[in-house]
Amino acid sequence: MRKTIGYFEGTDSTLLTALVCDGHDTVPVSNGFDSHGMHVRLINEQNRVDLLVGYVHKIFAPEPLLPSQPSYQDVFHICRIYGIPFLLEVPAALQEKAAALLEGVPDIVQFVDPAEMERIAKEILDGE
């Protein structure tokens, strides 16, 4: 069964191509500011993705947020409610600093070094 990966703008095209070639589908997801695809707040049980991938800078914004832009807590809440693993691509040397920016990171969110993204994404998609 094909699984769907939601991705924020700027996600590595090589990763997305590898996942499509592995039999999965992709759909762009917007953070509400970049209008890149389906607004992340529209994810629900009917149109949920099986995996969400992106970068810290796509979900972290200085205050005040625009009304259309979800906070990282909103994104984490969506992932928890619908059981969507979320991979944030962060070089290993910056993962501790990235984690410090985001309060209450749930277990469903992983910081992943770029060199490991494809492997970990496939493990999640193939393991479900």
Practice problem: Report yes if some heavy atom in the side chain of Gln95 is under 4.5 Å from a heavy atom in the side chain of Leu88; otherwise report no. | Solution: no
Exercise. Check whether any side-chain heavy atom of Phe8 lies under 4.5 Å from a side-chain heavy atom of Ile59, and answer yes or no.
Key: yes
Quiz item: Between Ser30 and His39, is there a donor-acceptor pair closer than 3.5 Å when you use the side chain of the first and the backbone of the second?
Solution: no
Quiz item: How about Asn47 and Thr4: do any of their side-chain heavy atoms sit closer than 4.5 Å?
Solution: no
Quiz prompt | Path from Val49 to Tyr82 over hydrophobic side-chain contacts below 4.5 Å | solution = yes
Quiz item: How about Ile43 and Met38: do any of their side-chain heavy atoms sit closer than 4.5 Å?
Solution: yes
Quiz item: Is there a donor-acceptor contact under 3.5 Å from the side chain of Lys3 to the main chain of Leu125?
Solution: yes
Quiz prompt | Exceeds 12 heavy-atom contacts within 6.0 angstrom, atom CG of Asn44 | solution = yes
Exercise. Could you tell me whether the side chain of Tyr7 and the main chain of Asp12 form a donor-acceptor pair under 3.5 Å?
Key: no
Exercise. With Leu51 as reference, evaluate Ile120, Ile84, Leu87 under the side chain to side chain contact (heavy atoms under 4.5 Å, CB included) test and give the passing residue.
Key: Leu87
Quiz item: Can you find a heavy atom in the side chain of Thr11 that is under 4.5 Å from one in the side chain of Met117?
Solution: no
Quiz item: Is Val20 reachable from Leu52 through a run of I, L, V, M, F, W or Y residues, each pair having side-chain heavy atoms under 4.5 Å apart?
Solution: no
Quiz item: Do other residues, nucleotides or ligands put more than 12 heavy atoms under 6.0 Å from the NE2 atom of His77?
Solution: no
Quiz item: Is there side-chain contact between Glu96 and Phe111, with heavy atoms separated by less than 4.5 Å?
Solution: no
Exercise. Side-chain contact test, heavy atoms from C-beta onward, threshold under 4.5 Å: evaluate it for Lys122 versus Leu19 and give yes or no.
Key: yes
Exercise. Is it possible for you to say whether Phe60 and Ile108 belong to one hydrophobic cluster, with membership spreading through side-chain heavy-atom contacts below 4.5 Å?
Key: yes
Quiz item: Linking I/L/V/M/F/W/Y whenever any side-chain heavy atoms sit under 4.5 Å apart, do Tyr55 and Leu101 land together?
Solution: no
Quiz item: Does any N or O in the side chain of Arg41 come within less than 3.5 Å of the main-chain N or O of Asp74, such that one atom is a donor and the other an acceptor?
Solution: no
